[in-house]
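The structure under discussion appears below in the form of structure tokens.
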Amino acid sequence: MWRGETIDRRGFLKAAGISFTAALFPRSLMALERADAVYASGFRAPDGSFGIATVSERGEIIDRVALPARAHGMAYSAATGHAVAFARRPGTFAMIFDPSKQTEPIVITSPEGRHFYGHGHFSPDGRLLYASENDFDGNRGMIGIYDARDRFRRVGEFDAHGIGTHDMTVSDDGRLLVIANGGIETHPDFGRTKLNLDRMEPSLVLMDAKTGSLMQRHDLPASLRQLSTRHLDIAENGRVWFAGQWEGARNALPPLAGWFEKGEDLSFASLPEETTVRLGNYVGAIAVNRREGLVGLTSPVGGAAVILDAKIGAVLREETVREAAGVAPAAHGVAVSSYNGQFNQTRSKVAWDQHIVRLG
Amino acid sequence: MRKLCTAGLILMLPMAALAQGTDTAPSVDLPPAAVTKVMTAAVDGFIRPGYDAFQASAETMTAKMKTLCEAPSKANYEAAKSAFREAAVSWAHIEIVRVGPIIEQNRFERILFYPDRKGTGLKQVQAALSKADETVTDPVALGTRSVAMQGFGALEYVLSGTGSEELLKAKDSFRCRYGAAVAGNIVNVAKEIADIWDAPDGIQKTWEQPGPDNTAFRNGGEAITVLLGILVHGAEAIRDQRIETFYKGADKAKFPKQALFWRSENTWASIMGNLEGLSALLDKSGMAELLPEKDRPVVAATQAKLKSMIALSGKITPDLEKAVGDAGERKKLDTLLADGKDVISKLNDGYGGAIGLSSGFSFADGD
């Protein structure tokens, strides 16, 4: 997720260097030169292969990196220039790459008894990479820790204090890990089957990034135990915004997004009924535009994108976007992609995956 | 709908990419009447008869087990094993439905606890047999114990595992009574699930009539997507869970004793049951009718591939040690894996794409 720490397009170009821009096709170079922002997102190509593309703010593909299989969430460190794409659960690889292609990609694999859960985040200095993982035989979420200075060697892990760990992020000062435990049990023996929909345990956790000790855990109330809290981002003031996917009755109207701060209880955005219906009780991605105080939500189920006021959670804008996939902060508003190849103003012959990361 | 189109609130998609109006825009948008027809056919023509047949086969299996216990003989032993096979195949047929009440309250695991890479079920069954724990000889009491010792895996060990010859030695042996209790427990779960689906105002109505007030499907697209999901996930389970568990390719490690029902040599009977279940659901639901004429050949092509896989499964030796050890048999296994991948692709991208999931079913299942 974009955290205000990113470099702009000029910074990205400078970091990328002459060799990167020289290697681009003229059309891609033009797209990069006129871009206000640069993003990356996973995609599936028409031939069924998977990759990561860097994308201009207009949605034009600048460059591509091939992946061995489908990716899900991504993270970027402005401090080091590293980007990472995590395998979609229950995948076992993560690819760390340099969007400017100055260095060769590094592929890491989850250790025995673990698989990646699809998300992760860098520490502010870029030295550590945290990854959400599943200890599938222990049925508990974990946070794997990888050392960026040692080719991303795995150096430890923390208990995520919940099950079905999905998205996670790091506070701006690097002291806190913020974890979304979706509460759904899965096991690679059963693919992506959700094994405990009748007894889910969603929770949101703040953890000490140094020790892994639990600082704050919010279990969802009994009436919302089927709201899988899966994605989150941090706003300017340290407020954690989260979004969920409802696994309960389809005619229910649960709150789909909310926020909390250190030492505070959960608050839920009071979305109008029509907005909840449009989102199909399902938010697939969330992103905060800190500069403008906005929260973007997307739903492939309902085919919608919604912008909220980050201070009060009120709906500011909502649009129908068929097969809406990722969302990320833009120079103004939010960038949105879709499974059918739309990325902002551009339609490409790819299926964009569920998440976008802003690089610059 | 709220729209504050100030410069700072820009959604970066152009208006051309945004659908008009304030309604939801589900990826799959199909005529409600056509959806109801297909969902009704799926429920009344496949799911309910499937669970009813499974219950009946489990009752027969229980009766044969009781007969074996009361009058141990070679003939009654063979009859019990035959009934086990028929019940396992009947289960395989409807097992492909991995949504709804079957995955609640551990019902699925109580019928079949698999995969079991750590041999949890085997250890618990062996412990129960060695201790002659009488509490496991009552089906109701057994239903409260570990799911790993309640279902088909446990009964297979009783009938075909080490020490199964005891079944022929004495009347009402502990082993036999435990086996009968397992069969009775399977009947109990089968009856429970069949009753849930047979209740006129219950899940069958929910599945057949999607709508805004429906607890399962807010619209027809959601219903058909779930129906397609049964087929996609069912095909994936056959390939990834039932075959690749013991055979991933000629140059890969092989684990024939990890296969489901290897002891009783019912592995292929079960897999054929799964494949026949997929074929029957695709056929009886009339899902092809939801597609534009030009896209309907994908259903016929899927059926042809399923029939081919069923035929080939019947030609592979049930002795899995031999199946993975013989070059000719391995070739058949390789073909099954390739065909399985093809079926998944046809359903996922072919059918899924034709109903509006532009990137296919699996790609669109979020996360």
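Only a predicted model underlies this, so the values are computations on that prediction, with no experimental measurement involved. In the text below, chain A, chain B and the rest are named by the order of the sequence lines, each starting its count at 1.
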Step by step, would you call A/Glu323 with B/Ser359 a side chain to side chain donor-acceptor pair (under 3.5 Å)? CA-CA 9 Å; A/Glu323 300 186 289; B/Ser359 51; 4.6 Å; no

In terms of heavy-atom proximity below 4.5 Å to chain B, should [X] be classed as side chain, backbone, both, or neither?
X: A/Arg347; value: neither
X: A/Asp198; value: side chain
X: A/Ala252; value: backbone
X: A/Asp353; value: both

Exercise. When the ring planes of B/Phe363 and A/Phe50 are compared, do they come out parallel, tilted or perpendicular, using 30° and 60° as the limits?
Worked result: parallel

Among B/Leu357, B/Asp240, B/Val28, B/Asn214, which residue forms the greatest number of heavy-atom pairs with chain A at distances under 4.5 Å?
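With the most close heavy-atom pairs to chain A, the winner is B/Asn214.
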
Answer key: most heavy-atom pairs under 4.5 Å with chain A among B/Thr206, B/Val99, B/Asp213, B/Thr225 is B/Asp213

[atom1]/[X] to [atom2]/[Y] distance, rounded to the nearest 0.5 angstrom?
X: B/Arg117; Y: A/Asp137; atom1: CZ; atom2: CG; value: 5.0 Å
X: B/Glu109; Y: A/Phe190; atom1: CD; atom2: CZ; value: 6.5 Å
X: B/Ser358; Y: A/Gln342; atom1: OG; atom2: CD; value: 11.0 Å

query = Less than 4.5 Å apart, any side-chain heavy atom of A/Arg250 and any of B/Asn219?
reply = no

Nearest heavy-atom approach of B/Arg218 to A/Asn281 is NH2-ND2, 3.0 Å

One option among A/His72, A/Arg70, A/Gln354 has the most heavy-atom pairs under 4.5 Å with chain B, and it is A/Arg70

query = Hey, which of A/His166, A/Arg192, A/Arg199, A/Gln245 has the most heavy atom pairs under 4.5 Å with chain B?
reply =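 Result: the option with the highest number of such pairs is A/Arg192.
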
Non-hydrogen atoms of chain A under 4.5 Å away: do they reach the side chain of [X], the backbone, both or neither?
X: B/Asp349; result: side chain
X: B/Phe108; result: neither
X: B/Ala216; result: backbone
X: B/Gln105; result: both
X: B/Thr245; result: neither

Option passing side chain to side chain contact (heavy atoms under 4.5 Å, CB included) with B/Asp367 (candidates A/His231, A/Arg89, A/His119):
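Filter result, single survivor: A/Arg89.
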
Next item on the list: Could you tell me whether a side-chain N or O of A/Asp189 sits under 3.5 Å from a main-chain N or O of B/Pro115, the two making a donor and an acceptor?
Entry: no

**Asked** Checking B/Glu104 side chain against A/Leu197 main chain: does a donor-acceptor pair fall under 3.5 Å?
**Response** no

Intermediate values then yes/no, side chain to side chain contact (heavy atoms under 4.5 Å, CB included), A/Thr193 and B/His233
CA-CA 9 Å; A/Thr193 303; B/His233 293 148; 5.8 Å; no

